[in-house]
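Beneath this line is the structure, given in structure tokens, with notes to follow.
Only this structure's heavy atoms are used, side chains among them; waters, hydrogens and symmetry mates stay out.
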There are 2 protein chains.
Amino acid sequence: MTDFRANGSDTAQTAIGFLRTTSLSSLVQEEIVRMILSGELDAGAQVKEFAISDRLGVGRSSVREAFRALEEAGLVRLEKNRGVFVREIGDDEAEEMYAVRAGLDELAGRLLAPRITAAEIDELRRHVDELEAWLAPDAFATYFPLNLRFHDRIVEMTGNRKLLVVYRRLINEMHLLRRRGLLRGGGLLVSNDEHRSIVDALASRDADTAAAAMRDHVRSGRDRMLAAVDTATPRSAA
Amino acid sequence: MTDFRANGSDTAQTAIGFLRTTSLSSLVQEEIVRMILSGELDAGAQVKEFAISDRLGVGRSSVREAFRALEEAGLVRLEKNRGVFVREIGDDEAEEMYAVRAGLDELAGRLLAPRITAAEIDELRRHVDELEAWLAPDAFATYFPLNLRFHDRIVEMTGNRKLLVVYRRLINEMHLLRRRGLLRGGGLLVSNDEHRSIVDALASRDADTAAAAMRDHVRSGRDRMLAAVDTATPRSAA
DNA sequence: ACCGGCCGTATTGTTGACAATCGTCAATCA
DNA sequence: TGATTGACGATTGTCAACAATACGGCCGGT
């Protein structure tokens with residue numbers, strides 16, 4: 001017990017920090033987010049307070065607090081006296097979100113281009129190469145999070161933490177697209193060429209070029225989504 | 001009771017809808033937001049659960065739920081076992097927020113320009129005229145919300161509700177700038193010329209022109225804020 | 001067979017009580 | 001005198017109980 005600082009301190013430090021900062025509600029919140037993003041809870045499904053509180057062994061208060069935060073985050077919808085439901089995002093709202101995301105991505109490109117380092121360019125290039133390796137049509141499960149990470153990393157590199165928060169919140173919500181296929185089809189079946197153009201544009205260190213590359217990328221993703229919508233719903237009237 | 005629909009129905013409808021949708025926590029949440037935005041609670045101040053629950057005559061749970069939502073909205077900061085504090089936004093974060101807002105405003109201009117109607121252009125012009133009337137240096141209290149409303153209305157006119165939600169959340173947070181003067185000096189002491197340019201750009205119905213006008217406006221607001229910061233803090237070192 | 005009202009169950013809304021933690025202040029000791 | 005420890009008050013974290021509401025089935029009437 002003499003040199004407890006050698007290896008024990010670290011875990012103790014993290015444990016202390018954990019207890020000091022983490023409340024039950026925030027843990028519950030993270031768990032529910034995990035369940036939603038992993039698909040364990042589908043969009044539109046009802047989430048009962050007791051089911052969660054019982055499963056996690058906590059009181060209902062903590063669950064209710066988590067629900068309130070999740071509603072503000074846009075992941076669930078609270079109907080008074082009826083319950084909480086995982087939010088569904090219809091086609092029209094999805095289109096709106098694509099537009100906002102395009103604006104955020106454009107901003108990210110504009111901010112990052114003048115300040116990107118050579119090391120960061122290398123990192124992004126390696127990322128694109130890795131994506132290339134998983135382009136096989138049956139490798140969605142791997143390609144999908146890797147693609148998200150690519151775009152997230154670009155926003156992260158801007159150094160603008162507020163932008164990162166807003167961006168991540170939006171991406172989280174976009175997981176709730178009523179038909180997930182649209183998200184994947186829209187953002188995913190993209191040939192990797194666009195990703196390479198993005199990195200090239202960033203490497204040019206010209207803000208306008210990078211901004212345009214980002215915007216075009218998201219816009220073409222939106223177009224692919226809309227095409228998927230059109231083929232899926234034959235639009236009876238209007 | 002025969003024609004109860006004539007005047008009774010409306011109030012009954014709204015009352016019913018109110019009861020069906022409004023929970024205590026959401027009322028508490030709105031009240032706290034009002035207190036924060038009105039300055040009744042300054043940035044950095046501690047907000048005690050019992051003080052609120054006692055004042056509003058509700059249980060602490062409702063207040064706690066409201067706090068959780070407000071934290072997710074970025075208006076308060078929760079420190080476990082210590083309390084909730086109205087969030088303070090430092091100069092660096094303020095600069096980040098200005099950048100994000102510039103991106104959102106640019107997007108709004110880009111979306112609105114191609115679809116703006118003649119009536120909407122008229123409305124904005126009248127708005128600018130009204131702003132002009134309150135440009136006196138001692139009319140901040142009137143000019144300030146009017147200016148906010150002008151920009152809010154532009155975003156609203158885009159018809160993109162998601163953008164409106166994201167935009168409003170950001171504006172709400174920007175009220176928490178540590179020194180409010182920065183927000184006012186940054187976004188307010190602007191000569192009305194820039195506002196006229198914005199409307200003119202929108203009236204041209206050219207997306208790129210409108211986007212640039214919006215972006216430049218926010219950027220010059222940011223520059224004014226930074227200038228105010230520099231004069232206020234003589235930056236001792238580095 | 002169908003419609004409307006009644007009732008029981010399940011779930012949520014709200015409150016109050018209890019436990020845990022933090023900050024402060026005074027008392028003690030070097 | 002200064003620092004450290006202990007106890008106290010205040011505040012928050014969590015839980016369990018009670019009240020209110022909504023959903024579904026049953027029943028009687030037509």
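Taking the six-membered ring for Trp and thresholds of 30 and 60 degrees, A:Phe150 and A:His127 have ring planes more than 60 degrees apart, a perpendicular arrangement.
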Can you pull every protein N or O that's under 3.5 Å from an N or O on nucleotides 6-10 of chain C?
none

Show the distances under 3.5 angstrom between N or O atoms of the protein and N or O atoms of nucleotides 23-25 of chain D.
from   : atom 1 : to      : atom 2 : distance (Å)
D:dC23 : OP1    : A:Arg82 : NE     : 2.6
D:dC23 : OP1    : A:Arg82 : NH2    : 3.3

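One atom, CG of A:Leu56, and another, C1' of D:dT14, lie 15 Å apart when rounded to the nearest Å. As a whole-Å value, the separation of A:Lys80 NZ from C:dG13 C1' is 8 Å. Nucleotide D:dC15 holds its C1' atom 14 Å from the CG atom of A:Asp54, rounded to whole Å. One atom, CZ of A:Phe85, and another, P of C:dT11, lie 12 Å apart when rounded to the nearest Å. Summarising the geometry, the separation between CZ on A:Phe67 and C1' on C:dT12 is reported as 11 Å, rounded to the nearest angstrom. For B:Glu65 and C:dG13, the CD to P distance is 8 Å, given to the nearest whole Å. Here the P atom of nucleotide D:dA16 and the CZ atom of A:Phe50 are 10 Å apart, to the nearest Å. Rounded to an integer number of Å, the gap from CG of A:Leu24 to P of C:dT21 is 12 Å.
With sequence neighbours left out, the side chain to side chain donor-acceptor pair (under 3.5 Å) criterion links A:Glu130 to no other residue.
The minimum heavy-atom distance between B:Gly74 and B:Arg87, with the atom names listed, is O-NE, 2.8 Å. Closest heavy-atom contact between A:Val76 and A:Phe67: CG2-O, 3.9 Å. Across A:Val155 and A:Ala108, no two heavy atoms sit closer than the pair CG2-CB, 4.1 Å. Nearest heavy-atom pair across A:Leu112 and A:Ile154 is CD2-O, 3.7 Å.
Ion pair B:Asp223/B:Arg219 not flagged as a salt bridge, since none of the NZ, NE, NH1 or NH2 atoms sits closer than 4.0 Å to an Asp/Glu carboxylate oxygen.
Listed candidates were C:dT14, C:dT12, D:dT14. Nearest to the side chain of B:Arg64 is D:dT14. The side chain of A:Ser62 lies closest to D:dC15 when the candidates are D:dC15, D:dT12, C:dT12.
Of the possible donor and acceptor atoms, one in the side chain of B:Glu120 sits under 3.5 Å from a partner among the backbone N and O of B:Thr117. In this structure, the side chain of A:Gln46 engages the main chain of A:Arg82 through a donor-acceptor pair within 3.5 Å.
Under 4.0 angstrom from either OP1 or OP2 of C:dG13 there lies no side-chain N or O belonging to B:Ser25. Residue A:Arg60 places no side-chain N or O under 4.0 Å from the OP1 or OP2 atom of D:dA16.
Along DNA chain C, the nucleotide closest to A:Ser61 and the one closest to A:Val84 are compared, and the more 5′ of them pairs with A:Val84.
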